[in-house]
There are 2 protein chains.
Amino acid sequence: MESLVNALLRIHPLTDKALQTILPAWQHWEVQKDHLLLREHQVSDYIYFIHTGAARIFYQKSGKEITEWIALDKQFFLSITSFFERTPSHLSIQALEPASVSGIHHNDLMKLAAGHHEIETLLRKMLTLSLILSQRRMDSIQFETSQQRYEKLITEYPEIIKRVPLTYIASFLGITLETLSRIRSAR
Amino acid sequence: MESLVNALLRIHPLTDKALQTILPAWQHWEVQKDHLLLREHQVSDYIYFIHTGAARIFYQKSGKEITEWIALDKQFFLSITSFFERTPSHLSIQALEPASVSGIHHNDLMKLAAGHHEIETLLRKMLTLSLILSQRRMDSIQFETSQQRYEKLITEYPEIIKRVPLTYIASFLGITLETLSRIRSAR
DNA sequence: CCTTTTATTTGACAATTATCAAATCAACCG
DNA sequence: CGGTTGATTTGATAATTGTCAAATAAAAGG
């Protein structure tokens with residue numbers, strides 16, 4: 001709980017009142033390794049926050065699984081298009097380790113945002129950060145070599161190699177498993 | 001003006017009062033072909049809306065210009081990171097045709113959003129749309145062939161070929177001019 | 001209309017990465 | 001511990017795209 005509060009306050013300094021309003025809206029789950037938080041074709045109802053553990057967002061592409069995002073401790077994650085457009089997701093979300101996860105439902109969040117200017121601002125700032133992140137990732141995919149992307153990843157998340165199978169990391173980086181293996185052995 | 005109002009209302013149905021509050025904050029410019037709306041290293045102060053004309057967002061990458069975005073009539077465009085983080089932009093924005101452009105200043109928009117819940121919501125929805133777009137583009141860059149990306153582009157904007165030089169289109173698609181030329185001649 | 005400049009196409013070659021196949025390594029279970 | 005399964009590495013080859021150089025086409029200015 002504490003890490004969720006910190007994460008929220010870091011995004012926007014909510015008053016105590018607003019904080020007390022939004023906190024009860026979060027639900028909590030302890031899920032096992034491999035548990036699916038979201039299945040393909042479902043409408044994604046939650047923005048998640050992972051307290052401890054790891055999860056991946058992935059989809060099927062011509063028979064293969066493509067990992068689109070990997071979330072480690074203390075990160076928010078969601079299926080953006082499905083959550084905001086209220087359409088069935090082509091993505092699935094799966095725990096890669098036993099995980100402690102919180103989530104806020106779309107209905108609740110929208111009601112809170114409509115009722116409290118502060119929470120609307122919080123949401124706006126979350127979206128701003130997310131958009132900036134998305135832009136950076138796009139830049140990175142388009143203009144950095146896979147080598148560089150890999151280096152960046154392990155600089156930012158050194159533990160990721162030990163916690164997440166290379167197949168997932170490879171497709172997250174937009175390369176094949178074999179290419180990643182060669183990049184790694186060349187260092 | 002009318003197209004800007006329509007564009008805003010399509011994003012979020014503002015009350016008349018909110019509309020009358022936000023409209024005066026927009027400035028208007030008629031700019032010539034090649035005019036720079038934003039120069040590299042400047043902090044980007046405006047979200048722009050292009051009534052008529054065309055513009056591109058680009059940056060220098062090892063001596064070459066990379067076009068990151070192309071905006072045709074009735075689209076919003078901005079240097080996302082610079083505008084929201086208030087940091088000097090690595091991007092430039094240039095009119096590709098004589099253009100009629102509106103813009104709202106960061107200071108004004110933030111004051112309005114803080115003062116009016118409705119405008120905060122409008123901004124939040126703009127960011128949501130922008131994030132969805134950014135995700136789609138990322139997907140497209142990472143998992144579609146350049147062939148497919150080109151097809152999509154001309155399906156959505158058939159006129160773009162006649163209005164924008166192929167060099168810009170090529171780098172927008174993330175390929176070289178030569179590769180684009182070959183894709184085009186193969187059809 | 002001709003000249004100059006810029007935009008686009010074409011060709012040859014090199015570099016990067018994907019694909020397919022097989023080998024090795026590591027982890028887990030009885 | 002031995003065996004089975006899944007993860008990772010290595011090898012050989014093919015496909016895609018980038019790079020550099022040159023040719024052609026189109027546009028702009030006098």
Side-chain angles (χ1 to χ4, degrees), chain A residues 32-34 54 56 58-68 70 94-98 138-154 158-187, chain B residues 32-35 54 56 58-68 70 94-98 138-154 157-187:
Chain A
Q32 294 183 316
K33 181 166 149 66
D34 297 332
R56 70 174 179 132
F58 68 98
Y59 65 96
Q60 304 279 340
K61 165 94 178 177
S62 40
K64 289 178 185 173
E65 285 185 356
I66 309 281
T67 295
E68 187 176 277
I70 297 171
Q94 182 187 39
L96 297 176
E97 301 172 352
M138 203 163 64
D139 258 41
S140 156
I141 287 169
Q142 195 160 14
F143 300 117
E144 289 172 6
T145 62
S146 21
Q147 181 86 248
Q148 291 172 310
R149 266 176 285 146
Y150 174 72
E151 306 278 353
K152 254 196 190 172
L153 183 70
I154 57 168
E159 355 78 276
I160 203 172
I161 296 299
K162 288 178 188 157
R163 293 174 61 184
V164 179
L166 291 182
T167 331
Y168 302 157
I169 294 176
S171 81
F172 176 61
L173 293 172
I175 55 181
T176 59
L177 174 61
E178 293 92 330
T179 302
L180 177 58
S181 174
R182 290 184 177 110
I183 287 174
R184 281 161 54 76
S185 71
R187 298 164 16 105
Chain B
Q32 295 183 316
K33 182 166 147 66
D34 296 333
H35 175 81
R56 69 172 178 133
F58 70 98
Y59 64 97
Q60 305 280 339
K61 165 93 178 178
S62 41
K64 289 177 184 170
E65 284 185 357
I66 309 282
T67 295
E68 189 176 275
I70 296 172
Q94 182 186 38
L96 296 176
E97 300 172 352
M138 202 163 66
D139 258 41
S140 155
I141 287 171
Q142 194 161 13
F143 302 115
E144 289 173 6
T145 64
S146 22
Q147 183 85 250
Q148 291 172 311
R149 268 175 284 145
Y150 175 73
E151 306 278 354
K152 254 195 189 172
L153 183 70
I154 58 169
Y157 302 104
E159 354 79 276
I160 203 172
I161 296 299
K162 287 179 188 155
R163 291 173 64 183
V164 178
L166 291 183
T167 331
Y168 302 156
I169 293 175
S171 80
F172 175 61
L173 293 173
I175 55 180
T176 59
L177 174 61
E178 292 93 331
T179 302
L180 177 57
S181 174
R182 290 186 176 113
I183 287 173
R184 280 160 55 76
S185 70
R187 297 161 22 102

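Below, read A as the first sequence line, B as the second, and so on, with proteins coming before strands; counting in each chain starts at 1.
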Enquirer: Side chains of A:Val164 and A:Phe172: closer than 4.5 Å at any heavy-atom pair?
Expert: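 SC-SC contact between A:Val164 and A:Phe172 ruled out.
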
Enquirer: Choose from D:dT9, C:dT9, C:dT10 the nucleotide whose nearest atom is closest to any side-chain atom of B:Ser185.
Expert: C:dT10

Enquirer: Under the side chain to side chain contact (heavy atoms under 4.5 Å, CB included) test, which residues partner B:Ala54, sequence neighbours left out?
Expert: B:Leu72, B:Leu96, B:Glu97, B:Arg163

Enquirer: For a quick check, with a 4.0 angstrom heavy-atom cut-off, what is the B/S/- contact string for nucleotides 18-30 of chain D, read 5' to 3'?
Expert: SBB----------

Enquirer: For A:Thr179, give me all partners under side chain to side chain donor-acceptor pair (under 3.5 Å), at least two apart in sequence or on another chain.
Expert: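 Once residues adjacent in sequence are excluded, the partners of A:Thr179 under the side chain to side chain donor-acceptor pair (under 3.5 Å) criterion are A:Thr176.
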
Enquirer: List in chain and number order the residues that pass side chain to side chain donor-acceptor pair (under 3.5 Å) with A:Thr145, two or more places apart in sequence or in another chain; answer none if no residue qualifies.
Expert: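 Applying side chain to side chain donor-acceptor pair (under 3.5 Å) to A:Thr145 gives A:Gln148.
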
Enquirer: At under 4.0 Å between heavy atoms, which parts of nucleotides 22-30 of chain C does protein reach? Answer with one letter per nucleotide, 5' to 3': B base, S sugar-phosphate only, - none.
Expert: ---------

Enquirer: Looking at A:Ser171 and A:Thr67, what are the two nearest heavy atoms and their distance?
Expert: OG-N, 2.7 Å

Enquirer: The criterion is salt bridge (charged side-chain N to carboxylate O under 4.0 Å, His left out); which residues satisfy it with B:Lys152, sequence neighbours excluded?
Expert: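 Listed in chain order: B:Glu144.
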
Enquirer: Run the ring-ring contact (aromatic ring centres under 6.0 Å, His included) test against B:Tyr59 and tell me which residues pass, sequence neighbours left out.
Expert: A:Phe143, B:His90

Enquirer: Which part of the nucleic acid, if any, lies within contact of A:Ser146, taking any heavy atom under 4.0 Å across all strands shown: a base, the sugar-phosphate backbone alone, or nothing?
Expert: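 Sugar-phosphate, backbone atoms only, no base.
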
Enquirer: Which residues pass the side chain to side chain donor-acceptor pair (under 3.5 Å) test with B:Glu65, sequence neighbours left out?
Expert: B:Arg56

Enquirer: By the 4.0 Å heavy-atom rule, please label B:Thr167 as base, sugar-phosphate, or nothing.
Expert: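 Sugar-phosphate: the residue B:Thr167, judged by heavy atoms under 4.0 Å, touches backbone atoms but no base.
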
Enquirer: What is the bend of the helix from C:dC1-D:dG30 to C:dG30-D:dC1 when you compare the axis at one end with the axis at the other, using five pairs each and rounding to 10°?
Expert: 40°

Enquirer: Between B:Ile183 and B:Ile175, is any pair of side-chain heavy atoms under 4.5 Å apart?
Expert: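 Yes, side chains in contact.
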
